[in-house]
Amino acid sequence: MGIPLPGCVSLTPLVLTLTLILLLALRLDHLVEACSCNPAHPQQHFCSAEIVIRAKISGEKVVSPSNSSSPYLKMIQYEIKLIKMFKGFEKVKDIQYVYTPVFSSLCGVKLDSNNKVHYLLSGSMWSDGKVSIGLCDLVEPWDNLSMSQKKNLNYRYQMGCDCKIATCYSVPCATTTDNECLWTDWLLVNSLSGEQARQYACIKRSDSSCSWYRSGPPPENDFMDMSDP
């Protein structure tokens, strides 16, 4: 058994364990304040969302639940003017406000409310009827969308909601089922906003298989099937 040196503290296993727990708790305080989103094609965002709209942001203010003073429960209430609804007709007829966490670490998203910017917003609906948006949803200035994306919002994305989109990160990469499309933007251009994301929709065909659909000229890169060179 070792003898503690003068001026040093001998830590028992219990004290050491408690010290580690304390250190982990301090680190966890930072780790829990992180927003992590899985990569998703715009069509996947559309299909998984309860609400998809085009709206103009006309104002904002910070609100919090009446029974809590915690800053982590505060939300930004964006006042919007609904321009067009692409999904969610059966849930709500009009939307005046959308809500997002104040902190980006909690997946809160910052919108421009000063310049009357139009946005494409996708999100979910709370039990009380409020619409929630976040960093993991499809939130884009309307002018940043391609013409194909704007068209796809009307019906093509919805037509493909029974299809699966698989993200390719390396080769080989191949479909595993007939109703699957391979998303290779990351593999080819190291971006999730490449040709397939901006120009294509994965559509179910008459034989129940799925394939990419695009109107316009063909892409520069062939992405339909990826395999070893």
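When reading the values below, keep in mind they use all heavy atoms of this one structure, side chains included, and skip hydrogens, waters and symmetry mates.
What you find for V109 and Y78 is that their closest heavy atoms are O-OH, 3.3 Å. Scanning all heavy atoms of the two residues, the minimum distance from P141 to Y119 falls at N-CD2, 3.6 Å. The heavy-atom pair separating P101 from L106 by the smallest distance is CG-O, 3.4 Å. Closest non-hydrogen pair, L121 versus I133, comes out as CD2-CD1, 4.2 Å. In terms of heavy atoms, P39 sits closest to W183 at C-CZ3, 4.2 Å. Shortest non-hydrogen contact noted between S191 and S193 is OG-N, 3.0 Å.
Within the 4.5 Å cutoff, the side chain of L145 has heavy atoms near those of the L153 side chain. The closest side-chain heavy-atom distance from Q196 to L182 is not below 4.5 Å.
For M147, the side chain to side chain contact (heavy atoms under 4.5 Å, CB included) criterion is met by K151, not counting sequence neighbours. Every side chain to side chain contact (heavy atoms under 4.5 Å, CB included) that H118 has, sequence neighbours left out, goes to R54, K56, I83, W142. Listed by chain and number, the residues in a side chain to side chain donor-acceptor pair (under 3.5 Å) with S36 amount to none (sequence neighbours excluded). Residues satisfying the side chain to side chain contact (heavy atoms under 4.5 Å, CB included) criterion with C202, sequence neighbours excluded, are Q43, C163, I165, C181, C210, W212. Shown here are the side chain to side chain contact (heavy atoms under 4.5 Å, CB included) partners of Y155, two or more places apart in sequence or in another chain: M159. Partners of Q44 according to the side chain to side chain donor-acceptor pair (under 3.5 Å) rule, which considers only residues two or more places apart in sequence or in another chain, do not exist here. Partners of K84 under the side chain to side chain donor-acceptor pair (under 3.5 Å) rule, at least two apart in sequence or in another chain, are N154. By the side chain to side chain donor-acceptor pair (under 3.5 Å) test, T177 is found to be paired with N179, residues two or more places apart in sequence or in another chain being considered.
Pairs engaging residues 110-160 under the disulfide bond (SG atoms under 2.5 Å apart) rule: C37-C136 [sequence neighbours left out]. Annotation: salt bridge (charged side-chain N to carboxylate O under 4.0 Å, His left out) contacts involving residues 99-128, sequence neighbours excluded, comprise E60-K110, D128-K130. Among residues at least two apart or in separate chains, salt bridge (charged side-chain N to carboxylate O under 4.0 Å, His left out) pairs with a member in residues 85-96 are E50-K91. Within the structure, salt bridge (charged side-chain N to carboxylate O under 4.0 Å, His left out) pairs that include any residue of residues 175-184 do not occur (at least two apart or interchain).
A donor and an acceptor atom, one from each side chain of Y99 and Q77, are located under 3.5 Å apart.
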Are I53 and I80 close enough, and set up right, to give a side chain to side chain contact (heavy atoms under 4.5 Å, CB included), and what steps lead you there?
CA-CA 11 Å; I53 60 175; I80 69 169; 3.7 Å; yes
Side chain to side chain contact (heavy atoms under 4.5 Å, CB included) evaluation trace for W186 with L192:
CA-CA 6 Å; W186 182 260; L192 297 177; 4.1 Å; yes
Verdict with supporting geometry, Q149 and Y157, side chain to side chain contact (heavy atoms under 4.5 Å, CB included):
CA-CA 9 Å; Q149 286 174 318; Y157 285 158; 3.8 Å; yes
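With hydrogens and angles disregarded, no donor-acceptor distance shorter than 3.5 Å links the side chain of T100 to the backbone of I76. The closest donor-acceptor contact from the side chain of H45 to the backbone of V52 lies at 3.5 Å or more, if one exists at all. No donor-acceptor pair closer than 3.5 Å links the side chain of D137 to the backbone N or O of G123. With D185 contributing its side chain and A197 its backbone, the two residues share a donor-acceptor pair below 3.5 Å. Judged purely by atom type and a 3.5 angstrom limit, T184 has no side-chain atom pairing as donor or acceptor with the backbone of L187.
Across R198, E195, R156, Q199, a single residue satisfies side chain to side chain donor-acceptor pair (under 3.5 Å) together with S148, and that is Q199.
Separation of atoms OG1 (T176) and NZ (K164) is listed at 6.5 Å; rounding is to 0.5 Å. Rounded to the nearest 0.5 Å, atoms CG (L138) and SG (C47) are 11.0 Å apart.
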